Amino acid sequence: VVVLGADRLDIMKDQILEILKSLDEWIQEEKNGPESFRIKPINEIVLLGQVALLIDDQVRSSLNPVATIDVDAWLEMDFAVEIEFKKRLVEKGLELDLLSKEIWLRDNYEKELFYEGEYLTCYKVAPLDLLLSKAIKAPKKNKKLIQNALVDDEIGEELIRLIESEGGDLGYFLNES
Amino acid sequence: MNKELKNKLKRLKLKKEQEKLLFKEDRYINILQFLRNKGLLLVASELKVIRNKKIDIKDVLTLGELEPRVIEVFPAAFIRFERKFKNTRAIPRDLGNIIDELREGKASDYEFMGVRQKDMLRWCNSELKDGRSKPLNKKKILTSFKLSPEIFKKLEELSENSALNKTQIVESLIMKA
């Protein structure tokens with residue numbers, strides 16, 4: 001029995017950063033290439049869902065989330081850039097979730113800068129807002145995850161406040177079953 | 001925070017600590033590791049490497065109660081790597097029916113342990129990173145036809161005069177129709 005090293009913990013974060021850097025370089029090359037096309041000067045990705053939890057240092061260690069391979073992301077970019085982004089995700093064994101646009105977040109959700117390149121910026125939604133979204137919109141699937149978050153010393157109290165203020169069913173999560 | 005809420009959180013915390021211990025048991029690590037290695041799940045925590053150990057269906061169901069995403073990808077893993085699993089008699093009848101329908105590419109909003117059959121189908125049809133097992137929707141279906149000697153001879157001639165085998169000839173003609 002071999003225990004994988006602690007560096008394995010950062011695999012997901014590193015992979016996403018690698019994808020973003022490579023995409024940024026591709027945009028740069030395309031803009032400067034002989035057959036360059038007009039790419040928007042600002043290309044933005046907002047990461048959501050389980051992947052955004054997995055790449056968050058604090059949540060990763062305290063909540064130990066598990067994710068399917070779909071990446072939830074809101075994209076603000078040219079179609080050509082989007083195709084390249086999807087291609088790079090697939091190369092890493094990931095898939096862009098086409099239903100990402102339907103994800104609900106509260107109006108004043110917080111996002112944190114995750115990558116800032118020459119032509120590409122990526123944010124990840126703050127863990128509390130992601131957990132709140134899951135608690136409100138998919139409580140059944142995320143019950144255990146939310147329960148883990150509620151008893152977490154760092155985020156528990158704030159999550160309780162948010163669930164109550166957004167009309168979520170806190171009692172459902174406090175039920176121990 | 002009122003006293004009742006504090007007590008509920010205290011009890012929940014105890015329960016969560018017990019569940020965390022489950023995640024450290026080899027039989028559950030074996031499941032997470034297998035699903036991760038096949039590219040069906042992303043896992044945040046470091047995992048022990050456990051080689052060539054079959055997975056008991058009972059353990060899948062127990063782990064699925066803690067992490068529904070395990071149930072979400074289980075049919076995809078079972079359909080493609082059935083020999084990795086033991087105690088298949090432990091598959092509940094409704095999950096068995098779901099798997100049978102998924103094999104035929106069928107899925108509805110029907111749920112098992114809070115996971116929709118439609119969501120399970122998605123992973124049955126996704127490419128895995130090992131590249132060896134075919135997505136369900138790309139698997140060939142074995143069938144037979146009785147052809148007249150004349151047609152069969154023509155088929156052989158077409159195949160000999162091209163880079164395609166007989167199946168590919170038939171497929172290309174059907175797609176052109």
Side-chain angles (χ1 to χ4, degrees), chain A residues 1-13 15 50-51 53-57 59-71 90-95 97-99 138-145 147-153 156-157 160-161 164 170-171 173-177, chain B residues 1 4-20 23-24 26 29 31-33 35-51 53 63-73 76 111 113-116 119-120 122-123 126-131:
Chain A
V1 174
V2 183
V3 179
L4 297 175
D7 58 318
R8 298 282 291 184
L9 298 175
D10 282 330
I11 284 178
M12 182 45 60
K13 191 175 169 182
Q15 282 192 343
Q50 289 290 104
V51 164
L53 290 178
L54 270 174
I55 59 172
D56 184 274
D57 295 332
V59 168
R60 198 180 55 220
S61 58
S62 61
L63 301 186
N64 200 10
V66 168
T68 44
I69 57 166
D70 48 337
V71 173
V90 170
E91 283 167 6
K92 298 281 181 198
L94 303 166
E95 285 177 23
D97 193 330
L98 300 174
L99 298 176
K140 210 169 171 183
K141 188 173 177 182
N142 296 292
K143 186 174 184 181
K144 300 288 175 180
L145 176 70
Q147 285 180 330
N148 285 334
L150 290 176
V151 298
D152 185 82
D153 294 336
E157 220 165 300
I160 288 170
R161 192 191 65 75
E164 284 183 322
L170 187 61
F173 300 108
L174 293 174
N175 178 343
E176 289 164 53
S177 67
Chain B
M1 196 184 290
E4 191 192 353
L5 181 55
K6 269 186 184 171
N7 284 336
K8 279 185 176 176
L9 282 171
K10 207 174 165 182
R11 287 201 298 274
L12 189 60
K13 196 166 190 170
L14 279 174
K15 178 115 199 281
K16 293 286 123 188
E17 275 161 15
Q18 287 167 356
E19 285 179 1
K20 270 185 190 169
F23 268 92
K24 289 180 182 168
D26 280 2
I29 290 174
I31 299 169
L32 290 174
Q33 184 186 264
L35 296 175
R36 187 190 67 175
N37 290 349
K38 291 299 174 194
L40 285 163
L41 277 187
L42 307 169
V43 189
S45 60
E46 60 181 297
L47 296 173
K48 278 191 285 186
V49 176
I50 302 159
R51 295 189 195 282
K53 197 163 180 270
L63 189 61
E65 278 178 23
L66 302 181
E67 180 44 80
R69 286 161 189 87
V70 169
I71 297 297
E72 189 174 329
V73 299
E111 285 186 6
M113 288 172 76
V115 181
R116 289 186 319 161
D119 294 329
M120 297 173 181
R122 185 172 172 198
W123 307 120
S126 70
E127 299 271 356
L128 296 189
K129 64 181 179 186
D130 69 355

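Lettering follows sequence order; numbering is per chain, from 1. Just so it is clear, the structure is predicted and the values come from calculations on it, not from any experiment.
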Salt-bridge criterion met for B/Arg122 and A/Asp97 (N-O under 4.0 Å):
yes
Heavy-atom check, side chain of A/Phe173 versus side chain of B/Leu12, under 4.5 Å:
no
The interface call for B/Val115 against chain A, heavy-atom contacts under 4.5 Å, is neither
Contact origin within A/Ile160 toward chain B - heavy atom pairs under 4.5 Å:
side chain
Can you find a pair of side-chain heavy atoms, one from A/Leu54 and one from B/Val43, that are under 4.5 Å apart?
no
Nearest 0.5 angstrom please: A/Leu174 CG to B/Lys8 NZ, how far?
6.0 Å
Chain A contact via B/Glu19 - which portion, at a heavy-atom distance below 4.5 Å:
side chain
Taking CD in A/Glu157 as the centre, count heavy atoms belonging to other residues, nucleotides or ligands within less than 6.0 Å. Is the count above 12?
no
When only pairs under 4.5 Å are counted, which of B/Val73, B/Leu66, B/Val70 shares the most heavy-atom pairs with chain A?
B/Leu66
Residues A/Val151 and B/Leu9: closest non-hydrogen pair is CG1-O, 3.7 Å
B/Arg69 side chain near A/Gln50 side chain, heavy-atom distance below 4.5 Å
yes
Cut-off 4.5 Å, heavy atoms of chain A, and the answer for B/Lys10 is neither
Side chain proximity check, A/Leu94 to B/Leu42, heavy atoms < 4.5 angstrom
yes
Could you tell me if the side chain of A/Leu170 sits less than 4.5 Å from the side chain of B/Leu5, heavy atoms only?
yes
Are side-chain heavy atoms of B/Glu111 and A/Lys140 found at a separation under 4.5 Å?
yes
Heavy-atom pairs under 4.5 Å with chain B: which of A/Asn142, A/Leu145, A/Ile69 has the most?
A/Ile69
Side chain, backbone, both or neither: which part of A/Val59 has an atom under 4.5 Å from a heavy atom of chain B?
neither
Can you check whether B/Glu67 reaches A/Lys144 side chain to side chain, under 4.5 Å on heavy atoms?
no
Does this structure show an ion pair linking B/Lys13 with A/Asp152, if we count only N-O contacts that are shorter than 4.0 Å?
no
